[in-house]
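Reading through the structure tokens given below for one structure.
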Amino acid sequence: MAVKLYLEKELSEVAGLYSIRALSKMNGDLEVYSTLLDKLLNQAPRSIPRLKQFLKEKKMTQFIDEMKNVRIDLADVFASDMLERANKVFDTAESGDLAKLEAMMETFLSNLQTLCFDIKQCRTQEMLQNEDEAAAKAAEIDIGSAMINNKYATVPKGKFVELYKRIDTGVLDKAMNLANVLKAMGFEASLHKHIVEIITQLNQFKQTAALAEARKLLALLNCPIPAAAPRLFTVLVVDDAGLTDTVKQALGDNTTVINSHMGTDTLQIVQSDKRPDFILINEQLKGTDGHQVLDHLVRNRVVDIPIGFVFPMATSDGVLKARKNGACEFFLLPLDSSLFAAKLAKYRAVAPI
């Protein structure tokens, strides 16, 4: 990262932030938490004058709506002290007690400004500690450039680059976290439609389609496409016998082979940063069978990873059932290594490098 994100111990030093609970909610995802802090810093300077004006003009419906947004932003970053004050302001506004509301607003807005100032100070300190690296990164991805594509000069482009990297490396759960935060930040229509499409593709675990949409976003923002993350072709073998060793021997050193013994953790592996390029399922498994594993994957919309099916003894019904559920390659035991390697070569050729 160009600018170091908060460590947990550093977060605890920022006024009013409850870092442990926040990071727990974000699954330890510092980038998402950092983005939510940026959202608060972006929205608060707009909310403060609006609240003052709405109260002055006695426009209580608009005042209450604005307070709802303030409370959401404070809750997102776990600024619970300020959130408690915001709740009291909100309740007072809903009760219609204008005199009490006017008496508490000056202190509340002052505290909100102080919170934002504290966060900015921490941000500034980070920037100073990483000044050279930050400058290089800003030049690399054209953050804040008014010379090129001025329409998007104030867009935090680094967040979109990070989204691309997460999709590219297969960390789809964290990519979804960041995509949803970017959607909530309310960018204009041309960006918003791509973000929504990325979320749609990630919901279906379609990594390739999501990556293509993220590439369009970066092109729109004039950001260079980061170099593809280097990784080996990965095969997930769902088997409780010795099939994994046979696959390793057949495919050689340029392949990573992951084993799911009972098939119970197959979906979890597919949705993790170990997302495979090919799945191989043995029809016979202890306690279940390969068809049930395949059906479970399909029901959870794992449709963009090619799946092979291995039969100890193939039957027409078994092959038709596996094909209907989405399997695209079929093999007999004992596995013919040369035939297996030849069939997987076409998938290796199109897998992300």
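Keep in mind that this is a model prediction, so the values were computed, not measured.
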Might you confirm whether atom CD of E102 has over 12 heavy atoms from other residues, nucleotides or ligands at distances under 6.0 Å?
-> yes
E106, CD: over 12 other non-hydrogen atoms inside 6.0 angstrom = no
Taking atom types as modelled, is there a side-chain donor on E66 or Q62 under 3.5 Å from an acceptor on the other?
-> no
Here the pair of heavy atoms bringing T266 nearest to L236 is CG2-CD2, 3.7 Å
Heavy-atom closest contact (L335 atom, F340 atom, distance) = CD2-CG, 3.9 Å
Using a strict 4.0 Å threshold on nitrogen-to-oxygen distance, state whether [X] and [Y] make a salt bridge.
X	Y	value
E162	R166	yes
E329	K346	yes
K321	D317	no

Any chance the rings of F331 and F311 have centres within less than 6.0 Å?
-> no
Do F187 and F160 have ring centroids that are under 6.0 Å from one another?
-> yes
What is the distance from atom CG of N259 to atom CG of L243, rounded to the nearest 0.5 Å?
-> 8.5 Å
Would you give the length of the straight line joining atom OG of S47 to atom CG of N42, rounded to the nearest 0.5 angstrom?
-> 9.5 Å
Should the ring pair H291 and F309 be called parallel, tilted or perpendicular, given that the plane angle runs from 0 to 90° and is split at 30 and 60?
-> tilted
